[in-house]
Number of protein chains: 2
Amino acid sequence: MPGRIAAVSIVEAIAADLRSRVFSGELGSGEALTETDVASTYEVARPTAKASIEKLVAEGLLDRGTHKTARVVDLGPESVRDIYLARAYLESEVLRRLASGRTVPAGAVQANKDIAAVKSGAPLDVVEPDMRFHTSLIDAVGNTRISKMYRSLVGEVRLCMSRVQSLHLLDTALIQAEHQRLLELIEEGRGDEAAGLLDVHLGRARERLVAAMGGEAGPEAQLPSDLVAE
Amino acid sequence: MPGRIAAVSIVEAIAADLRSRVFSGELGSGEALTETDVASTYEVARPTAKASIEKLVAEGLLDRGTHKTARVVDLGPESVRDIYLARAYLESEVLRRLASGRTVPAGAVQANKDIAAVKSGAPLDVVEPDMRFHTSLIDAVGNTRISKMYRSLVGEVRLCMSRVQSLHLLDTALIQAEHQRLLELIEEGRGDEAAGLLDVHLGRARERLVAAMGGEAGPEAQLPSDLVAE
DNA sequence: CGCCCTTCGATTGTCTAACAAGTACACATG
DNA sequence: CATGTGTACTTGTTAGACAATCGAAGGGCG
């Protein structure tokens, strides 16, 4: 069933485009987005632009107070830690549940294959399948509210991932290998170990990103010892 | 610092009023809310009413598809289970963390006192402090994203609580006693037992509500044996 | 007599134009 | 230098309008 035609509303279309521009870095941190600007660049009425902006604000990609211009969020080290810890919070429990039922989500398997297929020259292309790997795990528990909660985090998570990739903070092969190991641990029913590996996986990305932003990196930033040894 | 003055926008004010009308049951399940209706009852322009409605849709209190009138959500048994399981998912892990640090949130203690102070004749008054008890626990972990995720669930949770209370499915004293026990278990550092009690606490409410809605109640609906014995 | 199709009313999506209200920054004043 | 004022920009809200769409009611046809 290849993507049935979708007649999305104008505000949704604009929101989607703005979103991708934020992810691609075309709209950098702190950049202002006035309603009039958006309205004129997309040639729509201001209320329509307003609605799009408010959508992105709700997603956490834009910041704005009453009567103030919306700006692209500026994630500080504390926010990054907050985001990654919230992720770990949800995802580690998910891994335990999946492992107890030994259910390996097909979507996650496919996503990890897609990561492997990405040429090393285009680091930003890893973001989409990486994100998909993790959302597939969440969705596999079959609870629509949990999925929705995770969705409310996805915007910011993806922003972090984009930063990690464009700064070359992680090797694609390592990401892919750890994902693979996670899937194996699920299949073997070893939930606690899967959760532990996830903590390593996320902790490293987190602390490296924090360090790259000028924060004080924690010890999680280093590579696993067996790989360092080579 | 008693509630600093807040100049809320009109759409926010209308959203708040609609919300309370949904919680109070004045707007029953499936009731239609057209933009024009809302606009005329509050004497505002239609776009303003539209924005308010969309806010409630985002909160999960209203349902609506493109070009269709917004309606108050009609929670079926599956949705109720989904909601309560998502709650348990987040809250049980929170209890473990709080117990490991033996941090008893002051807000939760106060909220439970407020529950005790409610006269038995007004069951709906229990909802607010009950909700506050649980949000206090979540907020106590100090992760703003986790709090935000829980917020995205709160609307529906509160709707369920209102149903439970107006149908007299649970005794106030029992709720209050179990909350008290949860706090004690946290203080004693017994995280697993706290999580277990929470499962009982939520499971009973969940299955009784499901049963009251015509679904097949699970075994969790029964009272704890020590209380049944009297 | 029942079913399909058309038509119509109601409702939402979007637009234009406009005014009110608030913020931020430069400027003038003490 | 601190303070107040003012002005430009931006957002909040309104009014009215038109197109697109959905749901139901009614008429035609088998």
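Worth knowing before you read on, the calculation uses all heavy atoms, side chains too, and leaves out hydrogens, waters and symmetry mates. A note on names: the letters A, B, ... follow the listed sequences, proteins ahead of strands, and every chain is numbered from 1.
- For A:Gln110, the side-chain hydrogen bond (donor to acceptor under 3.5 Å, both in side chains) criterion is met by A:Asp114, not counting sequence neighbours.
- At a threshold of 4.0 Å, the pair A:Glu93-B:Arg96 does not count as salt-bridged, since none of the basic side-chain nitrogens sits closer than that to a carboxylate oxygen.
- Judged as a salt bridge (charged side-chain N to carboxylate O under 4.0 Å, His left out), the pairs with a partner in residues 138-155 of chain A (not counting sequence neighbours) are, in order, A:Asp139-A:Arg151, A:Arg145-B:Asp82, A:Arg145-B:Glu156.
- Shown for residues 38-48 of chain B: residues whose heavy atoms fall under 4.0 angstrom of DNA chain D, namely B:Val44, B:Ala45, B:Arg46, B:Thr48.
- For the pair B:Ile53 CD1 and C:dG13 C1', the computed distance is 13 Å after rounding to whole Å.
- Within the structure, side-chain hydrogen bond (donor to acceptor under 3.5 Å, both in side chains) contacts touching residues 159-169 of chain A (residues at least two apart or in different chains) are A:Ser29-A:Arg163.
- Within residues 10-20 of chain A, the residues approaching DNA chain C are A:Ile10, A:Val11, by heavy-atom distance under 4.0 Å.
- Every residue was checked against the side-chain hydrogen bond (donor to acceptor under 3.5 Å, both in side chains) condition with B:Thr48, not counting sequence neighbours, and none meets it.
- By the side-chain hydrogen bond (donor to acceptor under 3.5 Å, both in side chains) test, B:Thr172 is found to be paired with no residue, residues two or more places apart in sequence or in another chain being considered.
- With a cutoff of under 4.0 Å to any heavy atom of chain B, the contacted region of DNA chain D is bounded 5' to 3' by D:dT13 to D:dG23.
- Residues forming a side-chain hydrogen bond (donor to acceptor under 3.5 Å, both in side chains) with A:Asp171 (at least two apart in sequence, or on another chain): none.
- Counting only residues at least two apart or on different chains, the salt bridge (charged side-chain N to carboxylate O under 4.0 Å, His left out) pairs with a member in residues 11-21 of chain A are A:Arg19-A:Glu59, A:Arg21-A:Glu26.
- With rounding to whole Å, B:Glu54 atom CD is found 17 Å from C:dT11 atom P.
- With sequence neighbours left out, A:Ala32 forms a side chain to side chain contact (heavy atoms under 4.5 Å, CB included) with A:Thr69, A:Arg71.
- Counting only residues at least two apart or in different chains, ring pair (Phe, Tyr, Trp, His ring centres under 6.0 Å) contacts with residues 112-133 of chain A comprise A:Phe133-A:His179.
- Residue-to-nucleotide proximity on DNA chain C shows that, of B:Thr34 and A:Lys68, the 5′-proximal contact is made by B:Thr34.
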